[in-house]
Amino acid sequence: MRKILILAAAAAALILQSAASTFEEVTVFDRSNPLNKILFRHWQSKGITLLRPASDAVFIRRVMLTAAGRLPNADEARNFILDGDPAKRSKLIEKVLFSPEYADMQTMRFADMLRIKSEFPINLWPNAVQLYHRKIHDDLAADRSLAAMFYEMLTASGSNFRTPYANFFRASADRSPAGLAKMVLLTTMGMRENFMSEAELKSFSMLFSRIRYKSTFEWKEEIVFNDYLPAKISAILPDGSRVTVDDSAGNDPRKLFADWLLDRDNPYFSRAVTNRVWHWVFGRGIYPVADDLPQIPGFWAGLFGKKPVSEPFSREVQNYLDTEFKKSNYSLRHLYRVIMNSAAFQVSSLNADEEKSANFAVYPVRRLESELLIDALASVTGGYDSYMSVIPEPFTYLPRRTKAVNIADGSISTGVLDSFGRPPRDSGQFSERNGASSDSQNLYLMNSTALYRRITNYNKQLDRRYRNDRDRLERTYLDILSRFPTERERAAFRKYSKTPDKKSYRMRWDDTVWILLNSKEFLFYH
Amino acid sequence: MVDRREFLTMMALCGVYGAFNRATGNLLAATPPLTGREPAKSVIEIWVWGGPSHIETFDPKPGAGKAYNGGYGDIPTNVKGIRISEFLPKLAQQADKYSIIRSMCHRTNGHETATYLMQTGRMPGDGITYPAIGAVIAMLKSGSYKGKLPPYIALTTNKGRFSENGFLSDRFKPLATGSNPNLPQFLVDGFVTPGASDAGHIARRAQYAAELDTFSRAVSGCRELQEFEKSASEANAIITGGAAKAFDLNLESEAMRNRYGRTRFGQCCLAARRLVEAGVPYITINAQGWDTHKKHFEAMQKLGPEFDQGFSALLEDLQEKKLLDTTLIWCTGEFGRTPKVEYHEPWNGGRNHFCHCFSTVVAGGGFAGGRVLGASNATGERPAERPVSPVDLLWSIYELAGIDPAQKLPNPRNFDLTILPPSGGKNKIKELYR
């Protein structure tokens with residue numbers, strides 16, 4: 001009896017081990033990486049040890065989704081897993097950061113942040129949306145300095161149809177000076193106005209009080225320009241320094257703010273960007289809320305102590321990333337490179353607990369963003385949704401097989417994209433994107449004709465290509481989960497295929513694909 | 001003592017949203033009805049999308065000449081003194097169950113703007129998108145509604161974004177069923193499984209799925225995954241449980257299906273009745289094809305009989321099932337059509353958009369039948385008496401559904417707004433209350 005128990009325990013241990021070994025490596029992290037040095041010191045101080053890296057299969061999926069917004073295809077996954085090169089992870093990161101999809105994915109994130117949409121309450125109008133979106137895409141593909149991009153946005157004047165970054169000050173639901181000031185605080189500093197007193201906010205808003213909009217004879221064209229009124233401006237910058245501007249030609253108070261913000265010694269811009277990127281990679285910031293950051297002592301004149309001040313999980317990590325960002329001349333690509341090469345990004349997602357989660361010692365499991373999930377379903381099964389808008393007339397039709405990630409206009413959507421939490425782009429806050437699960441999402445995944453049709457089409461293609469069940473199962477797993485099936489999974493498939501029930505046999509492939517597309521492993525970052 | 005309106009405001013200001021929803025339901029159930037009778041449990045909105053001509057429906061003008069009536073006349077109904085268009089003989093036999101407003105009017109001739117106005121009681125342009133009446137009723141009744149189907153269902157498509165949940169939570173966006181109830185299987189995406197469902201197969205598949213779930217066996221300590229499992233099992237209960245049967249029109253007898261007419265519109269009316277039986281608080285039928293700019297009378301040869309049969313069967317059937325008293329029906333377009341026929345090119349006997357005077361029909365749920373409110377002038381071009389605005393109409397629908405339209409609308413964005421402009425109740429259509 002005891003023997004049997006021991007055997008059962010051993011068998012259970014083996015099964016458990018094999019489940020984990022699909023997702024984890026037993027190797028150790030590279031401790032020479034400077035960010036890893038900081039992280040491991042931090043984790044040790046919290047008593048967190050024994051961390052395992054994610055497996056190669058998990059890693060390639062993470063890198064592709066995070067940086068390029070798509071799943072690896074079967075060949076990419078297979079080749080990467082079987083590659084014996086010890087430097088293959090950092091090489092893959094480089095490859096993905098220079099792929100065309102990198103710019104697509106980051107442009108979507110910027111478009112969320114900058115509220116790019118045609119309609120209410122932003123009302124950029126379709127032509128302006130296209131122009132603005134393309135310019136951002138070009139700049140991000142070229143890895144232009146973010147400081148230069150934001151300087152241009154903060155000071156641009158001109159037509160919404162001709163000067164792309166003139167749309168920066170149009171993309172605000174509230175165009176009063178105070179509304180623009182709040183928008184600028186959120187977008188460029190990751191902060192809310194609630195640190196300022198009303199008088200301070202009013203004074204800060206003066207910097208945006210000369211922005212004017214005028215229409216032209218072209219339908220919906222709008223010119224953003226710097227007026228000469230109010231004639232004399234006295235305003236306070238967030239750090240408390242007071243500036244004055246008179247109405248001499250060429251004086252644009254926006255420039256004073258841009259010069260202040262993008263000065264190398266100003267900590268606010270780099271902190272806002274590093275927190276945003278950290279949030280994009282992990283679903284949370286270095287500070288708990290990446291776009292509600294606190295004042296920085298010594299750089300703020302506002303209401304100290306009125307609001308509980310949040311802390312970064314590690315000040316050293318924050319400082320290191322700020323320094324790297326500035327050293328690389330404000331390169332977004334470099335920030336991704338540094339973060340994705342770190343142990344925080346490459347650590348396993350299994351065995352989470354509160355302490356590990358709070359300190360990024362476990363990779364956060366969370367649902368794929370709406371657009372990525374819909375694109376993943378499309379790329380695996382070949383069934384793309386079509387996107388169009390009947391407002392405004394004339395109707396807009398996006399080309400067939402457009403990826404959801406590449407929809408420039410936040411006003412163009414589908415019920416499915418909305419139900420998976422695509423942000424409306426009204427405020428630009430991270431909280432607009434909803435990652436929560438809902439019944440309607442599951443009804444779509446489990447029981448929609450759209451998905452049934454896609455599963456059938458997918459299997460029709462494989463019917464023609466594969467005679468051998470073993471190879472076919474492998475291909476299905478690589479397509480959907482970017483990994484090889486385990487022995488246990490292969491056995492489960494064989495068992496299901498042998499069922500005497502005719503319907504189950506006939507549907508064994510459809511059922512397998514349905515199960516994998518409905519699995520947490522497919523639907524979640526892990 | 002805190003009264004109901006104050007309490008609602010307070011809840012809204014506190015932003016206790018989830019708690020609020022539950023509280024409202026109980027609150028509504030506990031409050032004495034606003035109109036001294038039980039509020040309507042469900043609302044069916046028949047949206048004659050595109051704008052029906054009042055002259056070929058509920059406000060015929062036999063004396064106005066061919067320039068206005070195209071040569072079509074009127075017929076008597078089962079209520080003495082009420083005559084409607086000859087296109088609606090079956091509805092003429094049900095006139096004791098509904099009342100007609102012949103003096104609806106507003107000031108906007110664009111489909112979207114007029115739809116928004118008729119649905120929200122507000123003109124667009126103040127920088128805020130208000131929720132449509134269906135979303136508001138769905139939200140305020142969601143506390144007492146225990147069904148598994150969504151509380152606001154559109155048969156079969158949505159009216160576009162001007163008639164959705166506005167600034168309310170996405171939960172109150174209408175579920176557009178898609179598909180067509182006149183097909184052999186009404187395939188409501190997500191709810192109805194294509195083909196016959198097979199419990200044995202579903203169980204075997206579930207067992208197989210558990211064996212393939214290597215990730216769940218390996219991972220631990222993640223709250224997001226637990227939430228996902230919860231909604232997945234809820235969805236599974238909807239699919240395998242009985243909720244989706246409300247969409248299965250094959251459970252009706254052949255005779256019943258034929259009674260509503262084997263048309264998309266007719267079967268939508270039948271589906272609406274089944275959804276009422278399932279307790280769904282708000283159902284909208286979006287009838288299509290009524291934007292008859294060209295060859296209006298030819299189009300009416302098809303539209304008229306379909307509409308006549310479906311709507312009349314719905315009224316009669318609800319009455320027979322004793323559901324008419326608790327089901328409020330309102331039937332309208334966003335506007336009517338130009339009374340003067342455009343005989344010339346390119347319209348060739350068409351009618352264009354007309355907001356200055358049109359007809360709306362109300363029935364059940366506290367509305368009386370067999371009455372006419374207001375009247376149009378001899379050519380049907382202007383109200384002759386008792387003009388009724390969209391707010392007057394909406395106010396009464398809310399009130400009979402047990403909702404005070406002057407109350408604050410709790411919302412995730414913390415706008416401090418009321419359902420309708422608080423001054424809007426002055427001209428509500430109380431003449432038509434039972």
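Reminder, nothing fancy here: chain letters follow the sequence lines and each chain counts from 1.
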With a 4.5 angstrom heavy-atom cut-off, which part of [X] approaches chain B: side chain, backbone, both or neither?
{"X": "A:Lys356", "value": "neither"}
{"X": "A:Ser438", "value": "backbone"}
{"X": "A:Leu443", "value": "both"}
{"X": "A:Leu523", "value": "side chain"}

### Query
Heavy-atom distance under 4.5 Å to chain A: side chain of B:Gln207, backbone, both or neither?
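Neither part.
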### Task
Side chain from CB out, backbone as N, CA, C, O: work out which of these in B:Asn158 comes under 4.5 Å of a heavy atom of chain A, or both, or neither.
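Neither part; nothing is under 4.5 Å.
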### Task
Look up atom CZ in A:Arg483 and atom OH in A:Tyr477, then write down how far apart they are to the nearest 0.5 Å.
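So the CZ of A:Arg483 and the OH of A:Tyr477 are separated by 5.5 Å.
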### Query
Under 6.0 Å between ring centres, would you say that holds for B:Tyr152 and B:Phe172?
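Not under 6.0 Å, so no.
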Most heavy-atom pairs under 4.5 angstrom with chain B, which of [options]?
{"options": "A:Tyr496, A:Tyr452, A:Tyr444, A:Phe493", "result": "A:Tyr496"}
{"options": "A:Asp418, A:Thr512, A:Asp353", "result": "A:Thr512"}
{"options": "A:Met507, A:Lys520, A:Glu521", "result": "A:Lys520"}

### Query
What do the steps show when you test B:Arg122 against B:Tyr130 for side-chain hydrogen bond (donor to acceptor under 3.5 Å, both in side chains), and what is the final call?
CA-CA 8 Å; B:Arg122 316 264 179 167; B:Tyr130 278 84; 3.2 Å; yes
### Task
Report the option among B:Leu175, B:Val192, B:Val219, B:Leu212 that has the most heavy-atom pairs separated by less than 4.5 Å from atoms of chain A.
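With the most close heavy-atom pairs to chain A, the winner is B:Leu212.
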### Side-chain touch A:Arg422/A:Asn434, heavy atoms, less than 4.5 angstrom
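No. Closest side-chain heavy atoms not under 4.5 Å.
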### Query
Within a strict 4.5 Å, meaning less than it, do heavy atoms of the B:Lys173 and B:Leu168 side chains meet?
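B:Lys173 does not reach B:Leu168 side chain to side chain.
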### Task
Answer yes when B:Glu164 and B:Lys159 have at least one side-chain N-carboxylate O distance shorter than 4.0 Å, and no when they do not.
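Looking at B:Lys159 together with B:Glu164, the answer is no, because their closest N to O distance does not fall below 4.0 Å.
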### Message
As a test of understanding, state which of A:Lys495, A:Arg494, A:Arg488 forms a salt bridge (Lys or Arg N to Asp or Glu O under 4.0 Å) with B:Glu211.
### Response
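So the option named by the test is A:Lys495.
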